2 protein chains.
Amino acid sequence: MPTINDVASLAGVSTATVSRALNGKSTVSPALVTRVLEAVTALGYQPNGPARSLRRRETAVLALIISDVENWFFTAIARGVEDVAHDMGYSVVLCNSDENADKERRYIDVAIQERVAGVILSPTGAGTNADVLADTGIPMVAVDRPLPVGFGDTVLVDTRQAARMATEHLLAQGYGRIGCVTGPAGVRTADDRLAGYRDALRAARRRTSSTLVRRSEYKGTRAQQASAELFAQTEPPDALLVANSAMAIGVLAAVRELGLRPGRDVGLVAFDDAPWTAVVDPPLTVVAQPAYEVGRIAAQLLLARIGSSRRAPAVTTLTARLLERASSRRSAR
Amino acid sequence: MPTINDVASLAGVSTATVSRALNGKSTVSPALVTRVLEAVTALGYQPNGPARSLRRRETAVLALIISDVENWFFTAIARGVEDVAHDMGYSVVLCNSDENADKERRYIDVAIQERVAGVILSPTGAGTNADVLADTGIPMVAVDRPLPVGFGDTVLVDTRQAARMATEHLLAQGYGRIGCVTGPAGVRTADDRLAGYRDALRAARRRTSSTLVRRSEYKGTRAQQASAELFAQTEPPDALLVANSAMAIGVLAAVRELGLRPGRDVGLVAFDDAPWTAVVDPPLTVVAQPAYEVGRIAAQLLLARIGSSRRAPAVTTLTARLLERASSRRSAR
DNA sequence: GTGAAAGCGCTAACAC
DNA sequence: GTGTTAGCGCTTTCAC
């Protein structure tokens, strides 16, 4: 592969001039610029990224470490991050931590070693590895879940409030025994959604019964099992708040297996407005989190910080909307 | 951030020894290894990736350039790639070309500049940029869609055969006017699925009518519009083969809007066994492509080639399975 | 406006 | 087994 030296000799100039012509930093005479550019295309020259990074002591790459590539919420965030980053000339590398602290740690190490310009992270549980990153001084912003204060900016969705709103909607529809299927203890969103659910019941002076609550991994199969248990009780729930859309698939499978029809026999609300939720029958009522917006804002904050501004870390909280569809409309009974 | 020099002086050895101790290349006395390791942890040393890449003239990074991060088929491939790559000590950076040749070109340039060890690519349309990559000699394997011969290994699914099988299934169920909603002309999978559909009709001595075929972007909204047009005709189709799962969402929306019920009023088969397809009502009959397997095999081929073997490029073709569910069972009528 | 030269942090000959 | 040293390809003073 050709180097800057090859370009320089072909163009009959020094490497310094090639570098300047290519980076538009200092001013170079138009005639030389043309010659350099011709040499570049003639040779098919592509600058060596590692060499450039080494010398400049910085890269134009952002790392986005998300906890589940197959979760629509996170891929929507990824699109938001990408769109902003590309406009600013940054590339985004997507890493899938799979809700696993070891993988997360591994990707954080890679990010540090590659000296990325910044990291956007949806931290896995409590024992996250964000401190390692913070020590390096690489700017970081957390999405979906908070980081210990001081580590960086954070972009959240007010998911507790959203869960409360969703539960209140189910109460308003006349459901009496509302259950909740949420993620593992220690995962902040899972805890918050459960808390919001309890907030609503408490405010409505309903007893919150732990027999109506199940926690499992944020996965369809686990949620299917959890909800099957819930329905197998002598006093089963008549409605369910489901904490993410992968889980919703499992819950729908369990509901179908029991011959129940959402909206008629059981009220259902799930987090995340994944495209498919609108086409199941009946359509699924969802808590629509502004995922793309979360990604955009996170990227903007990160780039601002890379641009050296030394503001104190801030928390941005966006709100979710409830999209009422037929799976929670009691009137469908 | 500490460098190898800091580690060396703290451990009281030369940088060469630190390097050797850390890379386990040549043999270093156990006592020194311990001292080096202690210094490393004391300083929180993380090797500088760009410097290492520059010197070694290689990286342990693979680029995976896919055409749609929100498409389950591609994220499943990504998991397959990742699992294999990680086992072999490689990191995977995921890039979303968005079915856009310019973005694809941009990511290929990034991959070249970063001197990645290899590239896995689902090439966008005909005018793909793979030749640029091929010129550099960076190993490459194509997934889902073929590359001009000689460019690299290719892992495909026999999607034409699968489309034929799916169409034959609809014929066997007694559907008489089977339509097809597929992707844009020039996208190989879209063309192949259409061809397979026609193969089946021809074999059954049915007329293939172009009024029953629609092409659009591989997206839900576009497919919704396309299928609405199809159904608005005086002689609408009584069944549809849909070329991917994003499109299936749009088709289901159109079908619902018309008050039709899949399986009873219209037979439906779609490509890709996305998790949600099993929980719509009625469950969607799908062509299950072995996406994860495609990813695994692609990564294995790529790593083998990075490991210098100079075999001629090969094409691996996997087969898909038809999962018959209620959306195509005429008996449900 | 252009070139010469130093050096980013690391690894791999090459000595010893 | 360990140290010395020469670059990898680039950017960036510093001269002119």
Side-chain angles (χ1 to χ4, degrees), chain A residues 1-37 39-40 43-61 89 109-110 112-117 136-138, chain B residues 1-37 39-40 43-61 89 109-110 112-117 136-138:
Chain A
M1 222 172 294
T3 73
I4 199 172
N5 287 298
D6 303 324
V7 177
S9 42
L10 181 59
V13 298
S14 73
T15 60
T17 300
V18 175
S19 175
R20 284 191 277 251
L22 258 30
N23 295 298
K25 292 286 182 185
S26 174
T27 166
V28 182
S29 90
L32 287 194
V33 173
T34 326
R35 263 161 58 197
V36 168
L37 259 29
V40 164
L43 293 167
Y45 169 71
Q46 296 265 28
N48 182 312
R52 167 180 281 178
S53 305
L54 177 59
R55 178 63 233 234
R56 284 206 187 142
R57 320 176 109 264
E58 70 182 22
T59 58
V61 176
D109 284 346
V110 172
I112 296 172
Q113 287 172 18
E114 296 305 324
R115 306 296 197 258
V116 299
T136 66
I138 295 178
Chain B
M1 221 173 293
T3 75
I4 199 172
N5 286 298
D6 302 324
V7 177
S9 44
L10 182 58
V13 297
S14 74
T15 60
T17 300
V18 175
S19 176
R20 284 192 276 252
L22 258 29
N23 294 297
K25 292 285 182 186
S26 173
T27 165
V28 182
S29 91
L32 287 194
V33 173
T34 326
R35 263 160 60 196
V36 168
L37 260 30
V40 164
L43 293 167
Y45 169 72
Q46 296 264 29
N48 182 314
R52 167 180 282 176
S53 305
L54 175 59
R55 178 61 234 230
R56 283 205 189 144
R57 321 177 107 265
E58 70 181 24
T59 57
V61 176
D109 284 347
V110 172
I112 295 172
Q113 286 172 20
E114 296 305 323
R115 305 296 196 259
V116 299
T136 66
I138 295 177

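Note that the structure is a prediction, hence the values are computed from the model and not measured.
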How close or far is atom P of D:dT11 from atom CG of A:Leu22, stated in whole angstroms?
8 Å
For B:Thr27 and A:Ile4, take the nucleotide of DNA chain D holding the closest heavy atom to each; which residue's nucleotide lies nearer the 5' end?
B:Thr27
Between protein and nucleic acid, restricted to nucleotides 12-16 of chain D and to nitrogen or oxygen atoms under 3.5 Å apart, what atom pairs and distances do you find?
{"residue": "D:dT12", "atom": "O4'", "partner": "A:Arg55", "partner atom": "NH2", "Å": "3.3"}

Taking the side chain of B:Ser14 as its heavy atoms from C-beta onward, which of D:dT4, D:dC8, D:dT11 lies nearest to it?
D:dT4
Rounded interatomic separation in angstrom, taking CD from A:Glu58 and P from C:dG9:
14 Å
Drop me the distance from B:Asn48's CG to A:Arg57's CZ, to the nearest 0.5 angstrom.
8.0 Å
Just how far is it from atom OG1 of B:Thr136 to atom CG of B:Asp109, taken to the nearest 0.5 Å?
10.5 Å
Taking CG from A:Asn48 and P from C:dG9, how many angstroms apart are they, rounded to a whole number?
17 Å
May I have the distance from A:Tyr45 (atom OH) to D:dG9 (atom P), rounded to whole angstrom?
10 Å
Check the distance between C:dC8's C1' and A:Arg115's CZ and give it to me in whole angstrom.
11 Å
Exactly one candidate in A:Gln113, A:Arg55, A:Arg115 meets side chain to side chain contact (heavy atoms under 4.5 Å, CB included) with B:Pro50; the answer is A:Arg115
Quickly work out the A:Arg52 CZ to D:dT11 P distance and round it to whole Å.
5 Å
Does a side-chain N or O of B:Arg57 approach OP1 or OP2 of D:dC8 to a distance below 4.0 Å, or not?
no
A:Ser19 side, atom OG; A:Lys25 side, atom NZ - distance, nearest 0.5 Å:
9.5 Å
Measure CG/B:Asn5 against C1'/C:dC8 and give the value in whole Å, please.
11 Å
Assert: residue with more 5' nearest nucleotide on DNA chain C, out of A:Val28 and B:Met1, is A:Val28
Exactly one candidate in B:Leu37, B:Thr15, B:Thr17, B:Val40 meets side chain to side chain contact (heavy atoms under 4.5 Å, CB included) with B:Val7; the answer is B:Val40
Return the CZ to OG1 distance between B:Arg20 and B:Thr27, rounded to the nearest 0.5 Å.
10.0 Å
Would you classify B:Pro50 as touching base, sugar-phosphate or nothing, given that sugar-phosphate means primed atoms plus P, OP1 and OP2, and contacts are heavy atoms under 4.0 Å?
nothing
Quick check for you: to the nearest 0.5 Å, what is the distance between B:Arg52 atom CZ and B:Leu22 atom CG?
7.0 Å
How many whole angstroms separate atom CD of A:Gln113 from atom C1' of C:dG9?
13 Å
